[in-house]
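The next block holds one structure in the form of structure tokens; read it before the comments.
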Amino acid sequence: MNMVIPWTKVWAVVITGLSVVFLALVLLIIFVSLFGKIFSSMGNKKKQESPAPAVKKAPEPAVVIPESVVAQAEDDDEVIAVISAAVAMMAASDGKSYAVKSIKRTANQNRQAGSAWSAAGKRENTRPF
């Protein structure tokens with residue numbers, strides 16, 4: 001039993017299927033964008049109704065780095081600046097005042113030279129099958 005399907009019906013099915021899919025996608029995009037606008041307007045109304053409490057700005061903390069900390073290389077100055085900035089941000093969020101008295105490099109015998117990504121790569125590439 002040979003059944004021959006005319007090409008007009010094949011193309012009609014293909015065009016109908018593509019039309020339905022793209023029409024559904026367009027309707028879905030419209031639906032999602034409308035819900036986004038509705039929920040964002042609801043959020044804006046809530047923000048306008050309840051005024052935010054006045055946030056008291058914390059005083060700028062004084063970070064003191066003594067002169068005994070001597071930079072051994074150019075990178076050390078950057079590390080000290082980053083550590084001091086982190087301490088200052090922590091102090092600002094707590095509302096307290098902290099001071100950096102000294103920064104010492106620790107010797108970690110378990111850590112190999114290089115980054116953690118380097119060590120993970122070495123472990124991955126040298127593990128037994």
In one Ile/Leu/Val/Met/Phe/Trp/Tyr side-chain cluster, 4.5 Å: F22, V14: yes
Single-linkage hydrophobic cluster V21~L18, side-chain heavy atoms < 4.5 angstrom: yes
Plane angle bin for F35 and F31 - parallel if under 30°, tilted between 30 and 60°, otherwise perpendicular: perpendicular
Of V87, I80, V82, the residue whose pairing with S84 passes side chain to side chain contact (heavy atoms under 4.5 Å, CB included): I80
I5 atom CD1: more than 12 heavy-atom contacts under 6.0 Å: no
